Amino acid sequence: PLSDEQKQILKTTSPIFKENGKEITSIIYKHMFAAHPELLNIFNRTNQKNGTQPFALANTVYLAIENIDHLDTLLPQILLIAHKHRASTVQPEHYPIVGKYLIIAIDEFLGGMGDPSILSAWSAAYNIIASIFINIEKKMYSELGD
Ligand code: HEM
């Protein structure tokens with residue numbers, strides 16, 4: 001769970017992500033695909049081409065951070081994304097990879113000056129959001145028997 005201090009940090013720093021989400025997400029993809037070219041297969045098939053997905057990722061993380069105390073209100077959106085993830089064969093083990101490069105990208109975007117408490121607050125928030133997706137997608141996979 002997030003501490004009050006972490007929530008405060010997220011509240012004051014989330015605009016960075018909202019305003020520069022597209023740029024930060026491009027940095028995520030640049031490093032992530034260099035280190036994990038196998039993920040290109042998953043992403044290339046879909047709307048990476050027209051550049052909508054990078055923006056969607058940034059927007060959703062921002063939205064989730066803004067609603068971190070009542071994420072259940074985002075359930076309809078989360079389910080919709082989870083279905084798309086499922087269709088793209090996104091797996092639980094992919095989440096820590098995206099999370100790792102999310103934090104690296106934020107730090108790089110901040111010019112390597114990312115305060116450790118800022119980075120760990122974002123990391124903790126990402127983990128909460130990712131675990132919701134992972135649980136819902138696991139349930140979908142098992143219900144659908146694959
Ligand atoms: C699609 C957010 C994690 C791969 C999407 C979309 C959103 C999103 C909002 C929908 C775009 C649209 O409506 O067109 C997130 C968030 C994540 C996350 C918030 C973390 C908490 C991941 C991971 C992977 C992944 C770990 C795989 C490495 C994809 C792919 C699509 C997608 C391939 C395209 C699906 C399609 O449009 O058919 N994601 N995502 N995402 N995501 Fe994620």
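First listed ligand is number 1; within each ligand, the first listed atom is number 1. Note that this is a predicted model, so its numbers are computed, not measured. Note that the numbering runs from 1 along the sequence shown for the chain.
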Self-check item: Nitrogen or oxygen atoms of Tyr95 and ligand 1 under 3.5 Å apart
Solution: no

Practice problem: Return yes or no for this condition: an N or O of His85 is under 3.5 Å from an N or O of ligand 1. | Solution: yes

Exercise. Give the ring-plane orientation class for His85 versus Tyr95, where under 30° counts as parallel, over 60° as perpendicular and anything between as tilted.
Key: perpendicular

Quiz item: Are any of the side-chain heavy atoms of Lys18 and Glu66 separated by less than 4.5 Å?
Solution: no

Quiz prompt | Pair Lys7-Asp69, side-chain contact (heavy atoms from CB on, under 4.5 Å): steps then yes or no | solution = CA-CA 9 Å; Lys7 286 183 190 173; Asp69 283 327; 2.8 Å; yes

Quiz item: Given the rule in the side-chain contact (heavy atoms from CB on, under 4.5 Å) test, do Phe109 and Phe17 qualify, once you have shown the distances and angles that lead to the verdict?
Solution: CA-CA 10 Å; Phe109 183 78; Phe17 205 70; over 6 Å; no

Quiz prompt | Under 4.0 Å to a heavy atom of Tyr126 - the qualifying atoms of ligand 1, by number | solution = 20 (C), 21 (C)

Self-check item: Close side-chain approach of Gln8 and Asp4, heavy atoms under 4.5 Å
Solution: no

Self-check item: Best match, Val90, Leu80, Thr60: closest heavy atom to atom 19 (C) of ligand 1
Solution: Thr60

Quiz item: Do Glu137 and His83 have side-chain N/O donor and acceptor atoms under 3.5 Å apart?
Solution: no

Self-check item: Numbering as shown, the atoms of ligand 1 that approach Ile129 to under 4.0 Å (heavy-atom distance)
Solution: 21 (C)

Quiz item: Using a heavy-atom cut-off of under 4.0 Å, does the side chain or the backbone of Ile42 touch ligand 1, or both, or neither?
Solution: both

Quiz prompt | Atoms of ligand 1, numbered as shown, that sit under 4.0 Å from any heavy atom of His94 | solution = 26 (C), 27 (C), 28 (C)

Quiz item: Side-chain contact, heavy-atom cut-off 4.5 Å: Lys11 with Ile65?
Solution: no

Quiz item: Between Lys84, Gln91, Met32, which one has a non-hydrogen atom sitting closest to atom 14 (O) of ligand 1?
Solution: Lys84

Exercise. Would you tell me which option among Ile81, Thr89, Ile128 has the nearest heavy-atom contact to atom 7 (C) of ligand 1?
Key: Ile81

